[in-house]
K.L.:
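One structure coming up, written as structure tokens, with questions to follow.
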Amino acid sequence: MCSIMSYCSRSADFDVFLKGFHRTISRGPDDSRIVETKNGLLGFHRLSIMGLAPSGMQPFRLGECYVVCNGEIYGFKKLKEELSEKYTFKSESDCEILLPLYQEYGTDMFAMLDAEFACIIYDGDAGEFIAARDPIGIRPLYYGYDKEGAVIFASEAKNLVGLTDRIMPFPPGHYYKSGQLIRYCDIAKSDRICRDNLEAVCKNIHDKLTAGVEKRLAADAKVGFLLSGGLDSSLVCAIAAKKSKEPIKTFAIGMREDAIDLKYARQAADYIGSDHTEVYMTPDEVLSSLETVVQLLGTYDITTIRASMGMYLVCKSIHERTDIRVLLTGEISDELFGYKYTDFAPDAMAFQMEAQKRIRELHMYDVLRADRCISVNSLEARVPFGDLDFVKYVMSVNPELKINTYGKGKYLLRRAFEDGDYLPEEILWREKAAFSDAVGHSMVDYLKEYAERKYTDEEYESMCEKYAYARPFTKESLLYREIFETYYPGQAEMVAGFWMPNKEWEGCDVKDPSARVLSNYGDSGK
């Protein structure tokens, strides 16, 4: 994980830029460099993952052009081999291929990449900056304009506080050129419905997810795995264990008294033979970390914050106690295969539309959580369920097959890995528990109780009134919003409101985002 930033103006103040850029040095603690172009500043904080030698340091330069990229480009060696006929490469970094690609294909290059990335190119020949982000938004990018109208790009919102009046997330699947945002890929939209039968769909899901995990194992730094004990992370770990010569290193976190998933994580770890570590968190740690977590996330969303408490603390422990630098996680499965609340979808098309909405908003919720909790601890996140080929395929599958008519959520994914001895049946077919609940029901209860003690009913009512956008609707949500405004004043529109089940569906008009409040939660919390 790295940090990139660019102030696209000849009159950019270096000290102001440096102050903002320094706020994300934890994303790239190994080295830092800023170059001054004729038309602005370009900065890079490095976390060495691919091509660890000094020659892999960015910005890369080719002629009068520069590039900085926070990303992983899969299959880059094949592209590099093709480009080597015309270009000379000096490092083993995957990102060094970007400028030669730009020289050959211009902005068409972005649609060619099998990658999770955010990048900024300075085209010295044209005298302009170009920025782009991967189709899902796994790697972060924000932008805003200064008082003179100059655009500023940065990895995180915190880089831009004080430099612009309005901070905006850079839309995934877009590139910026000549003052315009241009979409090059809408990965949530399928041009046609895939009519594969059930067996063919499950085989493709198996093969494409396996390929997505395998390509994310390649790194020149040490790799670890977050294992919650739920289906998604367990599958990622199980696939990786089969592909790895040595036992993989897995990590789980929970409250001591009621962490649903710790026992399942241990069961999965024992089954796949991983080197497993359990991390326990206390009520005091949860409450004392709350402000830090809201600040690093840059959100007030209830679900994101709850789920980030355990993730932040387990990543903190990994950073402090190991030499691991890359973590594979299980995010993005829910958006593709369904949440507990999507069991209430009135029909298959409604399920598909909800999946499209969730995929397009991922960069503001689960993907944001995974990026920030991991990167703030100087680690890199890799998300196999976000593999572009995998996502495109699942989104194209006939929604009549994806909607839960089987009496079991995520049926296609479970069935895809039924053969092959990946996981114990008890884990492969276990009902989903929300991550923030699974690390311990009591953790969420502690947060709610803290908020109840902090505000009287009268204070709650009056304080909520000052927020016109995404108005808090519980004391807990007010607590998070107040902390958010301390660090990101007036920037609430960076987030598309609160992540909640679809209130238009029968059974989903609830007052809390946790699946725990849904009537179909059933045995998920056991």
Side-chain angles (χ1 to χ4, degrees), residues 157-158 228 252-262 279-317 364-366 368-370 372-373 376-377 433-467 469-489 491-492 494-495 497-501 510-518 521 524-525:
K158 65 168 67 83
S228 72
I253 189 168
M255 307 290 287
R256 283 190 180 276
E257 59 267 33
D258 61 355
I260 303 165
D261 276 357
L262 277 181
V279 178
Y280 295 96
M281 56 185 182
T282 67
D284 285 345
E285 279 182 307
V286 170
L287 295 179
S288 64
S289 300
L290 177 60
E291 186 164 338
T292 298
V293 167
V294 174
Q295 180 188 12
L296 70 90
L297 289 173
T299 190
Y300 47 84
D301 177 61
I302 302 164
T303 298
T304 306
I305 293 167
R306 287 178 180 174
S308 293
M309 300 307 302
M311 196 171 208
Y312 165 72
L313 289 169
V314 72
C315 291
K316 183 172 183 283
S317 176
M364 292 180 278
Y365 301 105
D366 276 12
L368 178 147
R369 165 174 57 82
R372 302 303 191 279
C373 292
V376 78
N377 288 296
F435 179 62
S436 54
D437 290 340
V439 297
H441 279 156
S442 60
M443 187 204 75
V444 174
D445 294 336
Y446 290 133
L447 291 167
K448 287 182 175 181
E449 290 165 8
Y450 177 68
E452 283 293 330
R453 294 194 305 269
K454 190 170 180 64
Y455 308 109
T456 65
D457 292 345
E458 292 76 15
E459 287 172 333
Y460 163 70
E461 294 291 342
S462 64
M463 293 175 75
C464 286
E465 287 297 317
K466 65 185 177 184
Y467 298 117
Y469 180 86
R471 179 170 292 169
F473 57 96
T474 63
K475 290 182 180 179
E476 183 189 10
S477 62
L478 175 62
L479 170 64
Y480 302 157
R481 182 61 174 274
E482 289 284 299
I483 299 172
F484 172 86
E485 292 292 337
T486 300
Y487 296 100
Y488 304 92
Q491 302 298 334
M494 292 193 304
V495 185
F498 297 102
W499 189 105
M500 293 288 287
V510 293
K511 302 296 184 184
D512 191 288
S514 172
R516 207 200 309 183
V517 303
L518 297 173
Y521 197 54
S524 301

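Nothing fancy with the numbering, it's 1 onward along the sequence.
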K.L.:
Could you check whether any side-chain heavy atom of V510 comes within less than 4.5 Å of a side-chain heavy atom of P501, counting everything from C-beta outward?
P.N.:
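Sidechains of P501 and V510: in contact.
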
K.L.:
Provide the full list of salt bridge (charged side-chain N to carboxylate O under 4.0 Å, His left out) pairs with a residue in residues 479-489, sequence neighbours left out, each pair given once.
P.N.:
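Output for this query lists K466-E482, R481-E485.
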
K.L.:
Run the side-chain contact (heavy atoms from CB on, under 4.5 Å) check on L478 and Y467 step by step: do they pass?
P.N.:
CA-CA 10 Å; L478 175 62; Y467 298 117; 4.1 Å; yes

K.L.:
Kindly indicate, with the supporting measurements, whether the criterion side-chain contact (heavy atoms from CB on, under 4.5 Å) is fulfilled by T303 and F498.
P.N.:
CA-CA 8 Å; T303 298; F498 297 102; over 6 Å; no

K.L.:
Report yes if the side chains of M309 and V293 come closer than 4.5 Å at any heavy-atom pair, otherwise no.
P.N.:
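Result yes, sub-4.5 Å side-chain heavy-atom pair found.
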
K.L.:
Give a yes or no answer on whether the side chain of Q295 reaches the backbone of T292 with a donor-acceptor pair at less than 3.5 Å.
P.N.:
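Pair absent, no side-chain N/O of Q295 close to backbone of T292.
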
K.L.:
Before giving the answer on side-chain contact (heavy atoms from CB on, under 4.5 Å), spell out for L479 and Y450 the whole-Å C-alpha distance, their side-chain angles and the decisive distance to 0.1 Å.
P.N.:
CA-CA 9 Å; L479 170 64; Y450 177 68; 3.6 Å; yes

K.L.:
Is there a side-chain contact between L290 and I305, using heavy atoms and a 4.5 Å cut-off?
P.N.:
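A side-chain contact exists here, since the closest heavy-atom pair is under 4.5 Å.
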
K.L.:
Output yes when E476 and K448 qualify as a salt bridge under the 4.0 Å nitrogen-oxygen rule, no when they do not.
P.N.:
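The answer is no: the pair does not qualify as a salt bridge.
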
K.L.:
Does R369 reach the main-chain N or O of T304 with its side chain, forming a donor-acceptor pair under 3.5 Å?
P.N.:
no

K.L.:
Do NZ/NE/NH1/NH2 and the carboxylate oxygens of D301 and R306 come within less than 4.0 Å?
P.N.:
no

K.L.:
So which atom in C373 and which in C315 form the shortest heavy-atom distance, rounded to 0.1 Å?
P.N.:
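Here C373 and C315 meet closest at O-CB, 3.5 Å.
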
K.L.:
Going from OH on Y460 to CD on E452, what distance comes out if it is rounded to the nearest 0.5 angstrom?
P.N.:
9.5 Å

K.L.:
Less than 4.0 angstrom from a charged side-chain N to a carboxylate O is my criterion; do D366 and R372 meet it?
P.N.:
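R372 and D366: not salt-bridged.
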
K.L.:
Would you mind reporting whether V495 and L368 have side-chain heavy atoms less than 4.5 Å apart?
P.N.:
no

K.L.:
What pairs with E461 under side-chain hydrogen bond (donor to acceptor under 3.5 Å, both in side chains), at least two apart in sequence or on another chain?
P.N.:
none

K.L.:
Check P472 against C464 and note the closest heavy-atom contact, atom names and distance.
P.N.:
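Shortest heavy-atom contact: O-SG, 3.6 Å.
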
K.L.:
Compute the ring centroids of Y300 and Y488, then answer whether they are less than 6.0 Å apart.
P.N.:
no

K.L.:
Could you check whether any side-chain heavy atom of K475 comes within less than 4.5 Å of a side-chain heavy atom of D457, counting everything from C-beta outward?
P.N.:
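Yes; the side chains approach each other to less than 4.5 Å.
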
K.L.:
Taking C-beta and beyond as the side chain, do L296 and Y312 meet within less than 4.5 Å on heavy atoms?
P.N.:
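Contact flag for L296/Y312 side chains = yes.
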
K.L.:
Distance check, rounded to the nearest 0.5 Å: T299 atom OG1 versus I483 atom CD1?
P.N.:
12.0 Å

K.L.:
Before giving the answer on side-chain contact (heavy atoms from CB on, under 4.5 Å), spell out for T486 and V294 the whole-Å C-alpha distance, their side-chain angles and the decisive distance to 0.1 Å.
P.N.:
CA-CA 10 Å; T486 300; V294 174; over 6 Å; no

K.L.:
Using 0.5 Å steps for rounding, measure from the CE atom of M500 to the CG atom of D512.
P.N.:
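The CG atom of D512 is 6.5 Å from CE of M500, to the nearest 0.5 Å.
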
K.L.:
Could you tell me which non-hydrogen atom of I253 sits nearest to which non-hydrogen atom of G310, and how far apart they are?
P.N.:
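So the two residues come closest at CD1-O, 3.3 Å.
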
K.L.:
About how many Å separate CE of M281 and OH of Y446, when rounded to the nearest 0.5 Å?
P.N.:
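So the OH of Y446 and the CE of M281 are separated by 10.5 Å.
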
K.L.:
Rounded at 0.5 Å granularity, tell me how far CZ in R471 sits from CE in M463.
P.N.:
13.5 Å

K.L.:
How long is the gap from CG on L313 to OG on S288, to the nearest 0.5 Å?
P.N.:
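Interatomic distance, L313 CG to S288 OG, rounded to 0.5 Å: 8.0 Å.
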
K.L.:
R516 and V444: which non-hydrogen atoms are nearest, and at how many Å?
P.N.:
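Heavy-atom minimum between the residues: NH2-CB, 3.7 Å.
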
K.L.:
Taking the side chain from S289 and the backbone from V286, do they hold a donor-acceptor pair closer than 3.5 Å?
P.N.:
no

K.L.:
Using only atom types and a distance under 3.5 Å, with no angle test, would you say the side chain of K158 pairs donor to acceptor with the backbone of G298?
P.N.:
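Here the side-chain-to-backbone pair does not exist.
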
K.L.:
Please report the closest heavy-atom contact between G497 and A470, naming both atoms and the distance.
P.N.:
CA-CB, 4.2 Å

